[in-house]
Amino acid sequence: MRPRVAVAAGSAIVLFAALGACGKNTGQGTATDNNRTTTGVIATDPKDSMGPAAPVPGATKGGTFYVLRQPKINHLDPQRVYSFAGLSAAPLYSRFLTTWKDDGKGHLTLVGDLATTPGKDVKGDCTTWQFTIKDGVKFEDGSPITSKEIAYGIARSFDPDLTGGPTYLQEWLANTPEYDTAWDFKANKTSLPPGLTTPDAKTLVFTFQKPHCDLPFAASLPFTAPMPPAKDTGVNYDNQPFSSGPYKITKIVPGVQMVLERNTNWDPATDPVRHQYPDSFVWSYGADATAEANRIISDSGPDASAISWDGVPSTLTAAVAGNASLKDRTLLEPTPSANRLTINMQRVTDLSIRQALNYAIDRDDLIKALGGATVASPLTTLMPPATLGYQQYDAYPAGPNGNPEKAKQLLNGRTPELVLGVADDDQDTQIGTQVKNNLEKAGFKITVKTIPQDSKLDETKKKNNPWDLYIDTWGADWPSGASILPPLFDGRTIKDEGNSDTSFMNDSAINAEFDRILAMPPAQQGPEWAKLDKRIMTQDAPAVPLYVDVAFYLHGSKAGGLFIGSVFGYPEFVNAFVKP
Amino acid sequence: MSLSPVEDIALSEFSPGTVAEPAAPGSGFVGRSPGQLAWARLRRDRVAMVSGGVLVFFFLVALAAPLIQWAYGTDPQQQFQDSLDLYGMPLGYAGGVTGSHWFGLEPSLGRDIFIRMVYGLRTSLFIALAAGVITTVIGVLAGVLAGYAGGWLDAVIGWVTDFALAMPFLIVALALVPTVSLRFYGPREAVPSSFRVAVLITVFALFGWTSAARLVRGQVVSLREREFIEAARASGVSTAHMLFRQVLPNIWAPILVSFSLAVPSYVTGEAVLSFLGVGIVDPTPDFGAMIFRSIHYLQTDPTYVFFPGVTIFILVLAFNLFGDAVRDALDPRSNR
Amino acid sequence: MLRFLIRRVLSATLVLFAISVLTFLMFFALPRDPVTSMCPKNCNPARLERVRAELGLSDPLYQQYAGYMKGIVLGRDLNSAEGGHCAAPCLGYSYINSEPVSRTIARVLPVTLSIVIPAAVLWLALGVGLGMVSALRRGSVLDRLAIGFSLTGASLQIYFVGAVLLLVFTYTLHLVPVPHYTSITQNPADWASGLVLAWVTLAFLFSAIYARLSRAQMLETLSEDFIRTARSKGLPKFRVYGQHALRAAITPIVTIAGMDIGGALGGTVVTETTFGIQGLGRTTWDAVREGDLPTLMATVLIAAVFIVVANIVVDIVYAFIDPRVRLG
């Protein structure tokens, strides 16, 4: 055997040389529009809740719309839907009590979906909410949707087997987090949970023991989707949801694809937001984000009418954002998902240290480490800009690269030794390195402790977790401060495990503020939350706000009507169509 | 899942019967031992010399890493994010290659690729060599025991070999790597990279010894029936003498080859572990992790893929070529 | 022969049993609790405990294990949500996939078979072909090229070759469609074009060993007396090389092929990930990540069955090809 090393090595070099003739990178590029803010109202005029939805300019009927995504959607059963992918797909095959009319530019109106209005506060104190169901709303088999089926859907969300979904309605109705012991669904399948009544086929009434002014918002989540009791197959319902929306699921191959076809019993005249342009939608699973992006860039065959759900991976952004021919095939918007460096206030009790952390952080370099402006956008507030009533402020102004000198001043010669917990996957450990190097410049001593990726969330949510710092993300369920600040910072909610208040902040003055604002009509809460946001940061500094995720998506040249939803920050399909 | 097909090759290229007979004492003209003969053949082999030279070079680089760092003037953890654009990609030509950053900068964190490769070589070679030595030792022990003792011991070792082969590598790696560090280190203690390295070596050791064991067992079984062994047995020597003076010297050739082919399979195996998320993690510089990370930048920063990719390719190729050459030298019959 | 078979099968059963116990224990050692992922926001320990009990995850381990194994051997009764009685071999019900595990397996197993079997044919043909040619043309340019090619393959990695092939042939040149799986019974042409990149990648990487092996064996065999005798008898070249020499050279190739194919059938997770095809390997991987015990047990056991069966088959094939080997 006498092979020539040169033969082999030469072939490798040719291979690489073919990969890219390199030009000079001078650092040009487009930045994200960070100034988008959200305005929103709850519709007061019942006309807003009436269909049909305004036609989408240029939209035509027909064709198949493809959605490429790596993992399958974990739940399709509307009572269990809570993932972003599920929240985007669910409106295609199910309708809810209320829903958001969204222009994709941050202008939101909450309207009635199956209900004629987004709910009526009967007594004016947010304890009794009444909904009237529209005429002419039907399931996929043509049978009418009444308040009974909606109530049954809500009732079954009490079943502990049906894991995964949100729990607002259950907890509010039962008036306890232990709602499934308070009311046992399996033993009471023919009755309804406490506080939920259907006086007649058109009327649904929620009666709460405490005021819940956010009910109209909460009712927009898929767990208010209707379901005829006869169609309930328990945990198997994930594979065959019974449609009330413009499309019905006709085929599911787990891990491979899901096919939705037109539901002829859906009446556009009853629906204020959805359209029915494509003949079918196909969710196709398996390809990773890089493969998806490359397929869309190629724009051939079915991929021309597709969107890559997993977004443009940060490793490819330079190629996509720098390619002018792709410009009109991208969607680029900041999302409401806010990331913060949580400070465990049980351990870091000294306010000046928490403030020093805020001065020290270098958001600019952190964002570079994350993959740049199309991945993340800097944030100095606890609430993301996409919150109703948002006001920009920076409680610890230190510039985009931080101010290590100011931090050192606050530390006054001390060297706090802090432990930063990060998941042990590749991305998170790199961010750990970034934050460590950044903070150590300002006089901290940081130990990066890796936590097994699959248990990182559970572990940091434990009350007595041993770490001082960790990065948390919060995606609110509706764009109100009420679904951001109280869950994250109300110290009265702290329990042994499963905390959302991972700073473990418990400030009685702030807690009282939460109660005061929550009792106000939702329309007036916005500015109050913004003020409280600033107050929390100034007084307590329970976290270092870092960045909001930026949505950066590519779609084929024939995919139309797509926009980034203002509520969750993911692609929405209600206006989607296939260009001929 | 087998770590790499490469390691199996040694197993079957030595069919029983190709073992060199021990040189009869006093019968040679010059009195050269088989080892000396092999060495002479190896030295005449240009491929062996070149690939051997490449390997020596890599070993020297790995050993001299701190020295190189001193001369080069850049720390493997140092970040140069000012030289990155707003997407976190290196500015300038070819992934930020400049006089002070010979191989350019990593996207995102902006660390120097050259110095991280030097240190990464250290980590990767250490893991591969340690795993290679351990698996070879375990494999030889198990193989000799099974082959020489036979009977129930052979059956038991054979069963354990089957078991190790069928063991779900993926699950073991995933369960072991994070769990073990939780057990040994407190929740606020950083796990030193040396520990993670040790765990990876253990994982490789658990799975990698089987081919060496099967190879050695086969050799020993065929040796057992040879005249010189029977003669030694008849003269009543101890078992230890038998194993170490009679059997082992006759099988070291295939062992050496299996070792030289196993090492590169661990270098690439370690990259696979990174691919699956259980390899060496940041900030420890490591070849496997680097390759895995860089592959995503194939379209946007080919330079980042090029340098680590070509280096690991040359490294593995050199190991394979050298392994072949050693086999040829030790076993001239396979290469007339 | 029969005694040998019985002994091997018994030993293999014991291996499978040990693997099943190990996997089971390992699952519970994994640093994740499958239940916590089931209630995302607002979770509390009491409710987690109820969910755990509901899924049967709070029973003692030996009880869960015994239940699972009983299902495989005798079948067992699952609760109504899981589809009622489940006949042997019952692989259980996956809450993550919301379907019986047997249905998952029935779907992903053909995918892995479709990747591995044609790839194995390709790498064997390529490897043995290259090895034979270079042995017969020893020292020629052809020899060097063949061996250089195979060594290059052996020194590269699947995800690396895969990424480059995808970029060049699929995304840039549009010669090969995006990798996907279609059943061969549905559309053979689509089946082949969807998997061809995976086959080529695997063949390129795996054929190296066979090329080197068959070259070495061939050279060795060619110098044996019986070949020289055959040649001097005036037998045609083709018959000598094709029948006598190859037959003698093939034994070690069978060993390695058995191990490689057996291992690959158990799942080619890296290949499947690189090409985005959901086969047995990806499914195992997802099951680990998602904490899906029934699916994990099934996939691991199936992979182990492939490996032990391949080993037994190799031993039997040995006895047929090489009369010197006696099974006893």
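Residue numbers begin at 1 in each chain, while the letters A, B, ... track the order of the sequences.
Within a 6.0 Å sphere centred on OH of B:Tyr185, heavy atoms belonging to other residues, nucleotides or ligands number more than 12. B:Phe58 CZ: more than 12 foreign heavy atoms inside a 6.0 Å radius.
The parts of C:Ser11 that come within reach of chain B are both its backbone and its side chain, each placing non-hydrogen atoms under 4.5 angstrom from that chain. For B:Val172, the parts lying near chain C are the backbone and the side chain together; criterion is any non-hydrogen pair under 4.5 Å. Both the backbone and the side chain of C:Ile19 come within less than 4.5 Å of a heavy atom in chain B. Of the two parts of C:Leu14, the backbone and the side chain both hold a non-hydrogen atom closer than 4.5 Å to a non-hydrogen atom of chain B.
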**Item:** side chain to side chain donor-acceptor pair (under 3.5 Å) assessment of B:Tyr266 paired with B:Ser124
**Value:** CA-CA 9 Å; B:Tyr266 294 125; B:Ser124 295; over 6 Å; no
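Considering CZ of B:Arg217 and CG of B:Asp154, their distance stands at 4.0 Å, rounded to 0.5 Å.
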